[in-house]
Structure formats: C-alpha cells, structure tokens
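Structure record follows, encoded as structure tokens.
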Amino acid sequence: NAGVTQTPKFQVLKTGQSMTLQCAQDMNHNSMYWYRQDPGMGLRLIYYSASEGTTDKGEVPNGYNVSRLNKREFSLRLESAAPSQTSVYFCASSEVGGSSYNSPLHFGNGTRLTVT
Amino acid sequence: DAKTTQPTSMDCAEGRAANLPCNHSTISGNEYVYWYRQIHSQGPQYIIHGLKNNETNEMASLIITEDRKSSTLILPHATLRDTAVYYCILPPSGTYKYIFGTGTRLKVLA
C-alpha cells in the first residue's frame with residue numbers, strides 16, 4: 001500500500017516562480033491536510049480539506065492556494081514563491097476529521113522546497 | 001481549542017523506559033489525546049491515542065490521568081531507533097484543525 005504519496009520529493013525555485021505540490025492518498029480517506037515544517041520547528045497547518053469539494057485555511061495560509069481535485073488528490077500551489085516559503089511540506093490524510101475519534105493522520109514523506 | 005505543553009527535550013538510556021509527559025489542562029470532555037513521532041526528517045508517524053482509559057499497543061502505552069489534564073507516553077524499552085521528536089496533540093472536536101506544537105525531542109543514549 002502506497003499510503004500518502006507526495007511529488008516531487010525535492011524542488012528548487014527562484015523567487016517569483018510558481019509551482020504545484022501534488023499529494024495523493026489511496027486509503028479512501030475523506031480529509032486531507034497540508035503542513036509546512038521549517039528547520040528545527042514543529043509542523044504548522046497551511047490548509048485542510050474536510051471532504052471532497054471543501055477547503056479551509058489553517059494557521060499559515062498566506063501565499064498558498066489549494067485544490068481538492070477529487071477524493072484522492074489534494075494539491076498545494078505557490079503562485080509567487082518567496083524565500084520565506086523555503087520549508088519541508090507534508091501532506092496528510094485521515095479517514096474522517098473533526099469529531100471522528102478514531103482517525104489518525106497518515107503522512108507522506110514530504111517535499112523539500114528551497115526558494116532562492 | 002485545548003493546548004498542550006511538553007518538555008522541549010529529554011534523554012533516556014537504551015533499554016530503559018522512556019516516559020514522555022504532556023499537559024493539557026484545558027482539555028474538553030470529548031477530546032482525544034493523540035501521540036505522534038517524527039524520526040529525523042520523515043513524515044510524522046501515528047503512535048497511539050486515548051480518551052479516558054489507559055491504552056497499550058505494540059509501540060507504546062498511554063497513561064491518562066483521571067482528571068484528563070495530563071498524560072504520559074511510555075516507551076517500555078527504548079532503543080536508539082526511538083530517537084525522535086514526539087508530539088502530543090488534541091484534535092479539537094467539531095473542527096479539522098490538527099495543530100502540532102514543537103514536541104519533545106527524545107534522545108536515546110547507548
């Protein structure tokens with residue numbers, strides 16, 4: 001089972017360039033999430049999608065857009081990359097979020113993004 | 001939303017039990033306590049969760065105090081591979097905002 005798959009694994013961008021980070025899960029989960037982790041820091045929630053067709057802001061949404069393309073896929077777009085967005089980006093999914101009490105998060109292995 | 005407080009770092013001798021505390025004094029009655037860990041720069045890995053009762057699985061045990069204001073994750077026989085950052089989180093009921101703090105950096109010493 002692949003679980004949560006993120007592409008690409010590594011990316012280098014110049015300031016002002018745009019790119020989309022892809023995430024797909026094969027566990028039939030309803031909820032999906034994007035986190036960023038700066039060096040030596042904890043994870044911060046960027047955006048989440050409670051179910052197909054819905055998205056909502058997390059702690060640090062500025063500079064990002066998301067698309068819940070279908071139940072499997074949740075993409076994160078940087079329209080105009082900035083050095084402050086240099087980070088490791090993790091995608092996660094859960095069977096049901098919110099009030100589901102037996103629904104651990106399953107994480108991908110991350111995309112390491114450097115903006116110069 | 002309930003917040004958690006964890007020590008920044010801890011050391012543990014290999015083969016000994018590692019006891020990682022978490023304070024969550026503002027937890028509400030229907031919020032579960034979840035534990036995850038992150039080894040090096042990999043994606044976080046789910047360990048265990050509980051509501052009121054103590055829980056045990058193949059990875060760890062979770063002890064929750066009777067008033068639910070704190071909990072302890074126990075790794076019974078820590079190995080070098082357990083060196084990681086451990087996160088205690090409380091997914092807030094009614095929302096989907098799983099918020100991770102900075103966790104506890106556990107170092108298992110040979």
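Below, read A as the first sequence line, B as the second, and so on, with proteins coming before strands; counting in each chain starts at 1.
Residues B:Leu51 and B:Ile89 share a hydrophobic cluster, clusters being chains of Ile/Leu/Val/Met/Phe/Trp/Tyr side chains in contact below 4.5 Å. B:Leu80 is connected to B:Leu106 through a chain of hydrophobic side-chain contacts under 4.5 Å among Ile, Leu, Val, Met, Phe, Trp and Tyr, so both are in one cluster. In the hydrophobic clustering of ILVMFWY residues, with side-chain heavy atoms under 4.5 Å counting as a link, B:Met59 and B:Tyr86 come out together. Grouping the Ile, Leu, Val, Met, Phe, Trp and Tyr side chains by contacts below 4.5 angstrom, directly or via other members, places B:Tyr34 apart from A:Val4. In the hydrophobic cluster analysis, where Ile, Leu, Val, Met, Phe, Trp and Tyr join through side-chain heavy atoms closer than 4.5 angstrom, A:Tyr48 is grouped apart from A:Leu76.
Between A:Leu105 and B:Phe100, the shortest heavy-atom distance links the atoms CD1-CE1, 3.9 Å. For A:Gln37 against B:Tyr87, the heavy-atom pair with the smallest separation is NE2-OH, 3.3 Å. Closest non-hydrogen pair, A:Arg112 versus B:Gln42, comes out as NH2-N, 4.4 Å. The heavy-atom pair separating A:Phe90 from B:Gly43 by the smallest distance is CE2-CA, 3.4 Å.
Side-chain contact between A:Pro104 and B:Tyr36 is present, with at least one heavy-atom pair separated by less than 4.5 Å. Two residues are said to be in side-chain contact when any heavy atoms from C-beta on lie closer than 4.5 Å; A:Val88 and B:Ser41 fail this criterion.
Atom OH of B:Tyr46 is separated from atom OG of A:Ser94 by 12.5 Å, given to the nearest 0.5 angstrom.
Within the 4.5 angstrom heavy-atom criterion, no atom of A:Gln6 approaches chain B. Contact of A:Arg44 with chain B is not made at all, since no heavy-atom distance falls under 4.5 Å.
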ask   = Where do B:Thr102 and A:Met41 land on the side chain to side chain contact (heavy atoms under 4.5 Å, CB included) test, with the steps shown first?
value = CA-CA 6 Å; B:Thr102 52; A:Met41 306 289 286; 5.7 Å; no
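Shown here is A:Arg77, whose CZ atom has more than 12 heavy atoms of other residues, nucleotides or ligands within 6.0 Å.
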